[in-house]
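Working notes, beginning with the structure itself.
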Amino acid sequence: MIEPPQPGQPLGVAQAITLFNTILGDLSLVIEGEIANYNVNQGKFVFFDLKDETHDARLGCFMMLFKQNVPVEDGMRVKVLCRPTIHSKSGKFSLTVERIEPVGEGSLKRAFELLKKKLEAEGLFSPARKRPLPKYPERVGVISSSSAAGYGDFMRIAGQRLPSTSFLLANVTVQGSEAEEDICFAFDYLNSYYDLDCIVLVRGGGSMEDLHAFNSEQVARAIVRSKAPVIVGVGHERDETIADYCADLRAATPSNAAQLLLPTAENVLQKVAALTSQGRRLVERRVSMAREKTAQAVERGHQVIYLRLRSAQQYVQQLTRTLDALSPEATLQRGYSITWTEAQAVMRDPAMVKTGDKITTQAAGGTVTSTIL
Amino acid sequence: MTKQKQFSLNKKIARLEEIEQFFQKPDFDLEEGITQHKEALAIAKEVSEYLSSVEQALEQLDIATLRRGEP
């Protein structure tokens, strides 16, 4: 801090500049104008003029590239948050810019296009980067304003769906100067302290200026670095924001975000029924096949036993016929006879008997007793 | 909340999907299939009972307060 000089006491140039900067240092201004001569030096220093067309006036501006929150180009109307400074070496007066905000629909659209092109070139919108959403989310982070219509719509539809889901609302401002910082903080906070299945960013419709935070590079990068997959449902179906492009899934509206995120209890039960019915059908089919195979095996067994029995029966019949053919009775039937001596021996030789002996002859029809003469 | 932590719908459905995969094998063992199917029916019953008894929960964080570093 430099002391103000006594009247009439000269100051050195450097002292004077330091004094001016000390006085100016308290000023934090928002100045609106049109950008001209925008350029980036050495990949980190940004210089441009802020023009007032009606009064043919301009101010030189400087800012660090990493602080540039929105892409701009010549001709865009913007508001800059800045501090006036006199540079000691050049003695030039300029504005050190902290933040830029496009003004008016035309500039907002142009900023949107420039940012979209930049992030697309970095691959932030690439389908390969999109992560799948959980099928049955158990814990969901919601970044929105508790008083926003979009939040109400989201929770109303979510309330009619999967009853097992729990929600953690990160209550933020979704419009105005704090919105961007709030949303980024919410993403980082939720990802740091909670294990969430998904994060949903929702708000209702609005003008391009109202939706400005959802078209910011900071929010885009917060979405991309989120550990949990992100659904964005902002505005109406026709609204498109940079946040939509960065999301893992874009929902047309907040209500649609709830529909895409959560199945209904009925959907789950139908899925469960489908999963169990297939098992039942296959088990029943296998049981039926096993029954059929068993029946076939039994039938084959019956047939084998029957064939064996029939074969045995035929064999017995054949033996019986052979035995019958060889039996003495069969021989007698053919006209032969058997003669026994008195000693009941079969007479095989006439010498076995003598005159006067009685012999018995058996024929098929009966016996006759004779005496040898 | 305790009940929600104990019961994981995702795990139950993942188990049902595993069982379904088992049944995709054309030559699955019938006795094992019957055991798996009984388990699937038990899980289906659990899921149905859980969904009819559980309620959604909502907690809230005030980000502006957290940004200011207030508890």
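Being a predicted model, the structure only gives us computed values, none of them experimental. First the proteins, then the strands, lettered A, B, ... as listed; each starts at 1.
Note that CZ of A/R285 is 11.5 Å distant from CZ of B/F23, once rounded to the nearest 0.5 Å. Taken from CD in B/Q56 to CG in A/L262, the straight-line distance is 7.0 Å, to the nearest 0.5 Å. Between atom CZ of residue A/R286 and atom CG of residue B/D27 there is a gap of 7.5 Å, rounded to the nearest 0.5 Å.
Chain B forms more heavy-atom pairs under 4.5 Å with one residue of A/L162, A/D197, A/V140 than with any other, namely A/L162. Between chain A and the options B/H37, B/Q36, B/K12, heavy-atom pairs under 4.5 Å are most frequent for B/H37. Contact count versus chain B (heavy atoms, under 4.5 Å) is highest, among A/A158, A/P137, A/P134, for A/A158. Each of A/V142, A/V287, A/V283 has some count of heavy-atom pairs under 4.5 Å with chain B, and the biggest count is that of A/V283.
Looking at B/F28, both its backbone and its side chain come within 4.5 Å of chain A, counting heavy atoms on both sides. In this structure, no portion of A/Y193 lies under 4.5 Å from any heavy atom of chain B. In this structure, chain A has no heavy atom under 4.5 Å from any part of B/I19. Heavy atoms closer than 4.5 Å to chain B are found in the backbone of A/R161, but not in its side chain.
Within residues 143-154 of chain A, the residues having any heavy atom closer than 4.5 Å to a heavy atom of chain B are A/S146, A/Y151, listed by residue number. The contact list for residues 208-229 of chain A toward chain B, using heavy atoms and a distance under 4.5 Å, is empty. Within residues 175-183 of chain A, the residues that have a heavy atom under 4.5 Å from a heavy atom of chain B are A/E178, A/E181, A/D182, listed by number.
When all heavy atoms of A/S164 and B/Y50 are compared, the pair lying nearest together is CB-OH, 3.3 Å. Shortest non-hydrogen contact noted between A/A290 and B/L30 is CB-CD2, 4.3 Å.
The environment of A/Q296 atom CD is dense: over 12 non-hydrogen atoms of other residues, nucleotides or ligands sit within 6.0 angstrom. Within 6.0 Å of the NZ atom in A/K130, the count of heavy atoms belonging to other residues, nucleotides or ligands exceeds 12.
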Apply side chain to side chain contact (heavy atoms under 4.5 Å, CB included) to B/L58 and A/M155, showing your working. CA-CA 10 Å; B/L58 174 65; A/M155 288 308 293; 4.3 Å; yes
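Side-chain contact between B/S8 and A/E138 is present, with at least one heavy-atom pair separated by less than 4.5 Å. At a threshold of 4.5 Å between non-hydrogen side-chain atoms, the residues B/L61 and A/L168 count as touching.
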Validation: residues 267-278 of chain A side-chain donor-acceptor distances under 3.5 Å, sequence neighbours left out:
| residue | atom | partner | partner atom | Å |
| --- | --- | --- | --- | --- |
| A/N267 | OD1 | A/T264 | N | 2.9 |
| A/N267 | OD1 | A/T264 | OG1 | 3.0 |
| A/N267 | ND2 | A/T264 | OG1 | 3.3 |
| A/K271 | NZ | B/E17 | OE2 | 3.4 |
| A/T276 | OG1 | A/V272 | O | 3.0 |
| A/T276 | OG1 | A/A273 | O | 3.1 |
| A/S277 | OG | A/A273 | O | 3.2 |
| A/S277 | OG | A/A274 | O | 3.1 |
| A/Q278 | OE1 | B/Q24 | NE2 | 3.4 |

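Put simply, the side chain of B/N10 gets close to the backbone of A/Y136: a donor and an acceptor are under 3.5 Å apart.
Electrostatic pairing of B/E59 and A/R139 counts as a salt bridge here, judged by a charged N lying under 4.0 Å from a carboxylate O.
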